[in-house]
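Along the sequence shown, residues carry numbers from 1. Since the model is a prediction, treat every value here as computed from it, not as a measurement.
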Amino acid sequence: MAKNYEEEAKAILKLVGENNVDSVTHCQTRLRFVVKDRKAIDDKALEKLPEVKGVFYGSGQYQVIIGTGVVNDVYAAIAKLGTVNAIYGKDDADTAGKTSNEHKTVVQRLMAMLSGIFIPIIPVIAATGLFLGLKSAATNAQVLKLFGAVPSDIPASLTSVISVLTDTVFAFLPALIVWSTFRYFKGTPIIGIVIGLMLVSPILPNAYSVADGSAKAIMLFGWLPVVGSQGSVLTALVAGFIGAKLELFFRRHMPNVLEQILTPFLTMLVTFAIMIMGVGPIVHAIESGMLVGVEAVIHLPFGIGGFLIGAAYPLMVLIGIHQTMIAIETSLLASTGLNPLITLEAMYGFANLGVALAIFLRARSNKAKATSMGAFTSQLFGVSEPTLFGVLIRYNFRPLIVTVLTSGIGAAILSMLNVAANSYGLAVVPSYLMYIYNGHALLWYTIVSLGTVVAAFVATNAFAIPKEVLTPDGDIETANAVISSTVSDNKVYAPVGGETVALDQVSDPVFASGMMGEGMAIKPAEPGINKVYAPQSGTLSVVADTGHAYGLTTDDGMEILVHLGIDTVNLKGAPFTVAVKAGQHVNKGDLLGTFDQAAIKKAGLDATTIVLITNSKSYARIEPVAADTTVQAGADLLAVQREDVKVESVEPA
């Protein structure tokens, strides 16, 4: 008999608040609420409900994680109650997305914009930082002394060639930012990069040289000073925004016969004119004042500024405003060549390691052990969401308080020692690469970061271990039982071809935390249409109407979820085709459907395919293949081992 989920639906709505819900939709794993006040919801009470595996706020939606199959029934019960606006499946395919966007605050939109603009250029800035570090190490007098050489022995020609690697990105940084801004606002990126190159043209005197008196501005018409925008991040952002909007305006109003030539011409001419005729210098002056203020806070006496930044950063991540720091860090790098801000922020990740490790070692609950170890592992490489949502705020706020305080203390010490990175984009273990340019910086960063881990570990053990994790999961007492077990092996195969990605590295924190089960991810290989094949033989328990997810129950009871992309439910099926239906039995390798990776990426979404075993707790071992390897569709992806334990009899004690 099918279970009635009406009571569960009522309980969820009561805790979310019927009057707090603008709309609700669902995907294959979670309910997605657009709410008026996220803070009004009691997360802990929701997580205690029988069918709720966890909660998460992201993409402008309050997400209640239920699980494959069951989420459909819970959603149907919510829709049947008729007390909230259930929009999944309505004719207006854009309703959910529009509702979500309408309720994004100005700050949320700003975060999304900064993230969308700066994330594409982070890798080249991080690489440049590594080039600078290697150059500093290779030309260090003490290092060269070990080889019987001195810095003057290095040929000037070699130094010049190496400088191409170390100086190019920062010399043309405004061009990269204008390009990325055009891309974000749907302009033509090549027009953006040309405008950016105009701003840093060697014909224009460097703004910093003009400021220190070593160069003079070009006096246009005899009275208008014109200078370059070298190192000015804010100027590049404004130029990109103005240029992209102008291009879109010209394209809408230009006759088709003239559009191809005149739109780029007018966009470049008007944008450049606006920037050099007052806007550029004004914006640059504002940016310079902001940087002076930030550096003043960083260098407050006794490490006060460092503590404030280090302690505030975890809270900024929690409420989603930490992306603003990217723009400030970029400006610091462009103007000074150093980034002390990321050094202070980085202590958050190390504090998280100490908290997660302490809870893992003390926990008697197998579920808590798995969650904290998954969080610890992902945090090692800078993915903090599993720790933040799965550990710090899941049980009580004491673990979060430990992270805030120890992160602040570590940052305070580093600010007093004047330690600064020469890049950004690297966190926790990889972050040490940003300090190899300077032995003093690397030594103190290593000592303080490891000290932060230890301090957080000790503090968590002292007063922040949640009581819930100290309670066993209720294992059967088998001390006097006669037990037999049967071990069976199985496999899950790749539904698509591509490059494997460790589950804790995917961009969706719910999947990354292992909350939905263990598994593996694949970055699809084909840039266009990708075919999706059955990863095992079994019955299709779920086939999403949108085509973005499939649930498969194998003949021996394994429950597999194949989820095509992140947040692709919002595309309402546009890039997907489906070749099967729910209830159908398929064999391993049968075609399930297709998806257009290019269309997914054009919509600004991640096409990574997630493969999960949603009843992972039923298995003794789930071993994925190595990450960062190329697999073909149908290749081995997960090795699965099941151990069926049977209590034969219980002997007297």
Side-chain angles (χ1 to χ4, degrees), residues 27-29 68-69 93 490-503 505-508 511 516-555 558-614 622 624-640:
C27 59
Q28 300 313 117
T29 59
T68 309
N490 206 340
K491 289 183 178 180
V492 175
Y493 303 93
V496 298
E499 184 179 354
T500 58
V501 180
L503 189 62
Q505 297 300 305
V506 302
S507 58
D508 187 307
F511 290 135
M516 292 300 303
E518 298 181 47
M520 195 72 178
I522 302 173
K523 287 185 178 178
E526 293 296 328
I529 303 298
N530 287 254
K531 292 183 178 180
V532 185
Y533 300 96
Q536 252 290 6
S537 298
T539 301
L540 290 165
S541 55
V542 173
V543 175
D545 293 338
T546 55
H548 79 287
Y550 300 88
L552 176 71
T553 301
T554 66
D555 298 334
M558 188 191 309
E559 298 173 4
I560 304 171
L561 172 66
V562 178
H563 198 283
L564 308 176
I566 307 297
D567 285 333
T568 46
V569 64
N570 295 325
L571 299 179
K572 302 300 180 184
F576 304 96
T577 65
V578 177
V580 291
K581 59 184 179 181
Q584 179 178 335
H585 188 278
V586 294
N587 294 318
K588 176 249 174 181
D590 284 353
L591 180 67
L592 301 180
T594 68
F595 64 93
D596 186 345
Q597 182 177 187
I600 294 174
K601 290 187 175 181
K602 186 176 180 180
L605 299 176
D606 185 346
T608 300
T609 294
I610 314 294
V611 183
L612 300 177
I613 298 176
T614 55
I622 299 174
V625 299
D628 302 319
T629 59
T630 300
V631 295
Q632 300 296 322
D636 292 357
L637 188 67
L638 302 170
V640 184

Do [X] and [Y] come close enough that some side-chain heavy atom pair is under 4.5 Å?
| X | Y | answer |
| --- | --- | --- |
| Y550 | V580 | yes |
| P524 | F595 | yes |
| Q597 | I529 | no |
| I522 | P495 | yes |
| I560 | T554 | yes |
| P535 | V562 | yes |
| V640 | K491 | no |
| Y493 | D636 | yes |

Legend entry - Test item: side-chain donor near acceptor, Q536 and N490, under 3.5 Å: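 Looking only at side-chain atoms, N490 and Q536 do form a donor-acceptor pair, the distance falling under 3.5 Å.
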
Inset, instruction - Tell me yes or no: between the side chains of T594 and T577, is some donor less than 3.5 Å from an acceptor? - result: yes

Which heavy-atom pair separates [X] from [Y] by the least distance, and what is that distance?
| X | Y | value |
| --- | --- | --- |
| G519 | P624 | O-CB, 4.3 Å |
| A525 | N530 | N-OD1, 4.0 Å |
| L503 | G517 | CD2-O, 3.5 Å |
| V496 | K531 | CG1-O, 3.4 Å |

Inset, instruction - State which residue, out of D508, I566, V501, L561, fulfils the side chain to side chain contact (heavy atoms under 4.5 Å, CB included) condition with I610. - result: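 Result for side chain to side chain contact (heavy atoms under 4.5 Å, CB included) with I610: I566.
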
Give a yes or no on whether the backbone of [Y] and the side-chain of [X] come within a donor-acceptor separation of less than 3.5 Å.
| X | Y | result |
| --- | --- | --- |
| H563 | G565 | yes |
| T539 | G583 | no |
| Q505 | A502 | no |

Inset, instruction - Start with the C-alpha distance between I600 and L571, add both sets of side-chain angles, then the distance that settles side chain to side chain contact (heavy atoms under 4.5 Å, CB included), and finish with yes or no. - result: CA-CA 8 Å; I600 294 174; L571 299 179; 4.1 Å; yes

Supply the atom-to-atom distance [X] [atom1] to [Y] [atom2], rounded to the nearest 0.5 angstrom.
| X | Y | atom1 | atom2 | result |
| --- | --- | --- | --- | --- |
| D596 | F576 | CG | CZ | 9.5 Å |
| I622 | L638 | CD1 | CG | 7.0 Å |
| K572 | H548 | NZ | NE2 | 9.5 Å |
| D567 | D606 | CG | CG | 9.5 Å |
| L552 | D590 | CG | CG | 10.5 Å |
| E559 | I613 | CD | CD1 | 10.5 Å |

Inset, instruction - Before giving the answer on side chain to side chain contact (heavy atoms under 4.5 Å, CB included), spell out for D555 and H585 the whole-Å C-alpha distance, their side-chain angles and the decisive distance to 0.1 Å. - result: CA-CA 10 Å; D555 298 334; H585 188 278; 3.3 Å; yes

Legend entry - Residues L592, L540; criterion side chain to side chain contact (heavy atoms under 4.5 Å, CB included); working and verdict: CA-CA 10 Å; L592 301 180; L540 290 165; 4.3 Å; yes

Inset, instruction - May I have the step-by-step check of side chain to side chain contact (heavy atoms under 4.5 Å, CB included) for T629 and E499, ending in yes or no? - result: CA-CA 5 Å; T629 59; E499 184 179 354; over 6 Å; no

Inset, instruction - Inspect the surroundings of CD in Q584 and state if more than 12 heavy atoms from other residues, nucleotides or ligands are less than 6.0 Å away. - result: yes

